[in-house]
Amino acid sequence: MAENGEEKLLAVARHIAKTLGQNDTMADDILQIFSNFDGRFSREKLSEKMVDDNHPRGCAALERAVNSLDRQISQYVALDHPIWAHTADSSAFLDAIDDLIRTVRDWEPMAAEKSVSACLVRADDLMHQAMFRIGDEFRSLMDRGAESFELNRSNHESTGNLSFDSDDDNEENEDGLLHNGADLDRQIPVAQPVTDYDIVIDALPSGTVSDLHEIAKRMVAAGFVKECSHVYSTCRREFLEESISRLGLQKLSIEEVQKMPWQELEDEIERWIKAANVALRILFPSERRLCDRVFFGFSSAADLSFMEVCRGSTIQLLNFADAVAIGSRSPERLFKVLDVFETLRDLMPEFDSVFSDQYCLVLRNEAVTIWKRLGEAIRGIFMELENLIRRDPAKAAVPGGGLHPITRYVMNYLRAACRSRQTLEQVFDESNAVVPSNNLDDRRASSSSMSVQMAWIMELLESNLEMKSKIYRDSALCSVFMMNNGRYIVQKVKDSELESLLGDDWIRKHNAKVRQYCTNYQRSSWNKIIGTLKLDNSLLASNAIAKSMKEKIKSFNTQFEDVCKTQSSWIVFDEQLREEMRISVCRLLLPAYRNFIGRLQSMPEIGRNTDRLIRYNPEDIEARINELFEGK
C-alpha cells in the first residue's frame, strides 16, 4: 500500500510538472522544486516516467546527462579564482568537459529528433561556456608560467652564449631553463652579441606545457581549434615581438626605411642582421618546439598556431629587407645590400625547415621573392655604377697627368666588391641570358658571369679615361695620364680577385697598352730633341758644319731646359715605372748627346768656345732627367 501511495504521489507530481510546464525547461524546474521540498521527489524518480510519444525514454537519459554536466561545469565556470590553482579542480573540470564532448558525440546521430535536438542545443550552449572559461585558463596558465619562469630565471647566473643586459644597466647575467644558453621570456632586456646559434629556448616550465596540452586537447576535440590557436598565438606573439624589439630592431614601415639617412640605415642594417639570425636560428625554432609540445598530436592546430605566432615578426624582418631591395641604387649602398642578401641567403635553410607546413608556405615564398629582389638590386647597383662612369664629365685635367679620382674610385670599389666574389657570381648567374651581339651594350646584357661584368666596367672606365685625356693639349702629357691610370688599373687587378676574374690575357694586353703609352710619351717629348742632335751630312764646308752645330747645341739647350722645367711638374705615381721611364729616356738621349758634343769639341773651328756652348755635360743631363716626374 505504501509503495502504491508513493507511486501515486509521484504520478501526481509528474502530472503537475507536465501540465504547468510550458516546455521541457520549465517542467524540469518544477521537478527541481519538488525535489528540494521532499526527499521522496528525487529527480531520478520524477523524470523516470515523464515520457510520452513525442518524448522517448532515451531522451530523458540525455537530458539527465546534460543537467548533471550543467551542474558540474557551471560551478567551475562561476569560480572567481583560477581553476588550475588546484589540481583536483582542474582534473574534475577536464573530466566534465570530456563527458560533455562524449555525450554530444554519442547523441549527434539522433539530432534530427526534435527532443534530442533541443537537448543538444543546451549541450552546445554549455560547451561554449566551458570553452570560454577553459580558454581563459589557457591564457592565465601561459601568463603565470612566464611569470614563475622569470622568478626561476633570476635565481641563476648566466653561463650560456646568449646573455642580456638589464634595463637599468645591471651587468649581471641571468639564466633560465635553456638548452645551452639563456632564456628569453617576456621581460628580456637588450641582447648581447650571439656567437653560438645552437640554442633552444624553453620559454615555459614543462608542467605548464603539460597543462596547456591537456586544455588544447579538449578545445580541439570540441571543435574550438581556431579559438585555442588564437589564445595561444596572442600570448606567444607578444613575447616574440618584444624579443625582437629587445634585439634593437625598430618596427619600421617600408616607407620609413626608405626615408632614413644612409648612415642611420647602415646601423639599422647591422641590427637587422643580428635580429634576423637570432629570430630564424633561435626564436622561431624554439617557438616551433613549444607549439609542437602544446599541440602534440594535432599537427594542423600546431601549424596554424605557429604561423600566427611568427607571421608578424617574420613580415617585419622581410619588409625591412624588401625596403632595402627597392631603395636607392646608389653604388655606395652595394656592400650593405650584399650583407642583407647574404644574410637572407644563409637563412634560407632555416626558412625551409621552420616554415615547412602549408600555413607558412606564403612566408617561405615571400622570403625567396625578397631574396631574389635583393639580387636584382645588386645588379641594378652595378648598372648605376656603369652609368656613373659614363656620365662622369671631362671637366678639368688632373695636374701633371696623375691618377684621375674616378680611376681610384672604380678600382677600389671593384676590389672591395670582389671580396664577396662568390655572392656576386651567384647574383650575376641569376640574370637572364640574352642572345649574344656585337653591340657592347648587348654583350653586357647577355652576360650573367661576373668576369664579363668586370671586364665590361673596365672597358667603360678606359673609354672614359681616353675621353678625359683629350683635355691635355700636350700629347706627351696625354700619354703620361693614360700610362699612370693604366698602370694603376693593372696593379689593382693583379693584387685582388680581379686577376683571376679577368685572366692573364687581359693583364698582358693592358701591360702592353701601358708600354705603348710610354713609347708614345718618348716619341712626343724626346724625338724632336734627339733630332736636333743629328748631324747634317749635306754640308761639306767645315765652317758651315761648325755653324750648324753651334745652332743645334743652342737649340738643344733651350729645348732640354724647357722639357725638364715642364716635366718636373708631371708625375708618375708608380716608383718602378718612374725609374723605368728615366732609364729609357737616358738610354735614348745620352748616346746621341755624347756623340754630338764629342764631335763638337773636336772641331777646330769652334776652338775654345765649346765650354761656352756646351751647357750640360752627360752627367748633368742624367741628373736633370732623374728629376723628372716628381710632381714638383
Side-chain angles (χ1 to χ4, degrees), residues 399-403 472-484 486-488 491 511 514-539 542-632:
L403 280 176
Y472 297 103
R473 295 180 180 180
D474 189 328
S475 60
L477 184 55
C478 172
S479 296
V480 170
F481 173 78
M482 292 302 297
M483 183 175 55
N484 270 319
R487 181 64 168 240
Y488 185 84
Q491 285 184 337
N511 274 329
V514 172
R515 289 193 297 270
Q516 184 60 49
Y517 293 133
C518 185
T519 300
N520 293 344
Y521 156 76
Q522 291 180 3
R523 186 181 295 118
S524 300
S525 290
W526 300 101
N527 280 6
K528 183 179 179 181
I529 297 177
I530 293 172
T532 304
L533 299 176
K534 289 183 179 180
L535 299 177
D536 190 351
N537 295 325
S538 64
L539 299 176
S542 59
N543 289 336
I545 294 174
K547 182 179 179 181
S548 174
M549 292 188 70
K550 286 180 182 180
E551 292 174 353
K552 285 180 178 290
I553 192 63
K554 290 178 181 179
S555 176
F556 173 84
N557 290 338
T558 301
Q559 291 182 53
F560 182 75
E561 185 65 32
D562 289 343
V563 168
C564 289
K565 182 179 180 181
T566 300
Q567 296 191 12
S568 63
S569 66
W570 294 4
I571 186 168
V572 175
F573 79 93
D574 182 72
E575 184 177 352
Q576 181 182 350
L577 180 60
R578 184 169 63 244
E579 188 62 28
E580 289 174 357
M581 287 182 64
R582 290 168 176 171
I583 293 171
S584 178
V585 171
C586 286
R587 286 176 178 174
L588 185 69
L589 181 61
L590 286 177
Y593 185 71
R594 287 192 180 100
N595 182 55
F596 184 87
I597 63 174
R599 178 77 178 272
L600 184 66
Q601 290 171 337
S602 66
M603 294 190 69
E605 292 81 1
I606 304 297
R608 297 178 180 178
N609 293 330
T610 55
D611 291 342
R612 187 160 45 88
L613 293 172
I614 300 172
R615 189 180 300 175
Y616 306 102
N617 60 39
E619 290 74 20
D620 295 332
I621 295 290
E622 185 174 4
R624 292 298 299 273
I625 291 172
N626 285 335
E627 292 176 355
L628 301 181
F629 316 125
E630 294 286 354
K632 296 179 180 177

inquiry  = Salt bridge or not between R487 and E575? Use side-chain N to carboxylate O under 4.0 Å.
reply    = no
Provide the closest heavy-atom pair for [X] versus [Y] in the form atom of the first, atom of the second, distance.
| X | Y | result |
| --- | --- | --- |
| R523 | N527 | CG-ND2, 3.1 Å |
| Q567 | S525 | NE2-OG, 2.8 Å |
| F573 | Q491 | CE1-OE1, 3.7 Å |
| L628 | R582 | O-NH2, 2.7 Å |
| V572 | V480 | CG2-CG1, 4.4 Å |
| A476 | W570 | CB-CH2, 3.7 Å |

ask   = Using the ring of each side chain (for Trp, its six-membered ring), is Y521 parallel, tilted or perpendicular to F629, with breaks at 30° and 60°?
value = perpendicular
Supply the atom-to-atom distance [X] [atom1] to [Y] [atom2], rounded to the nearest 0.5 angstrom.
| X | Y | atom1 | atom2 | result |
| --- | --- | --- | --- | --- |
| L613 | K554 | CG | NZ | 6.5 Å |
| D474 | S479 | CG | OG | 8.5 Å |
| L533 | K528 | CG | NZ | 13.0 Å |
| I530 | F596 | CD1 | CZ | 13.5 Å |
| L589 | S584 | CG | OG | 11.0 Å |

Side-chain heavy atoms of [X] within contact of [Y], under 4.5 Å:
| X | Y | result |
| --- | --- | --- |
| R615 | F556 | no |
| T558 | D562 | yes |
| E579 | I583 | yes |
| P618 | I597 | yes |
| Y593 | I553 | yes |
| R578 | D574 | no |
| M581 | C518 | yes |

What I want to check is whether the side chains of [X] and [Y] have a donor and an acceptor closer together than 3.5 Å.
| X | Y | value |
| --- | --- | --- |
| N520 | Q516 | yes |
| E622 | Y616 | no |
| S555 | Q559 | yes |

query = Got a sec: does the CD of E619 have more than 12 other heavy atoms crowding it under 6.0 Å?
reply = yes
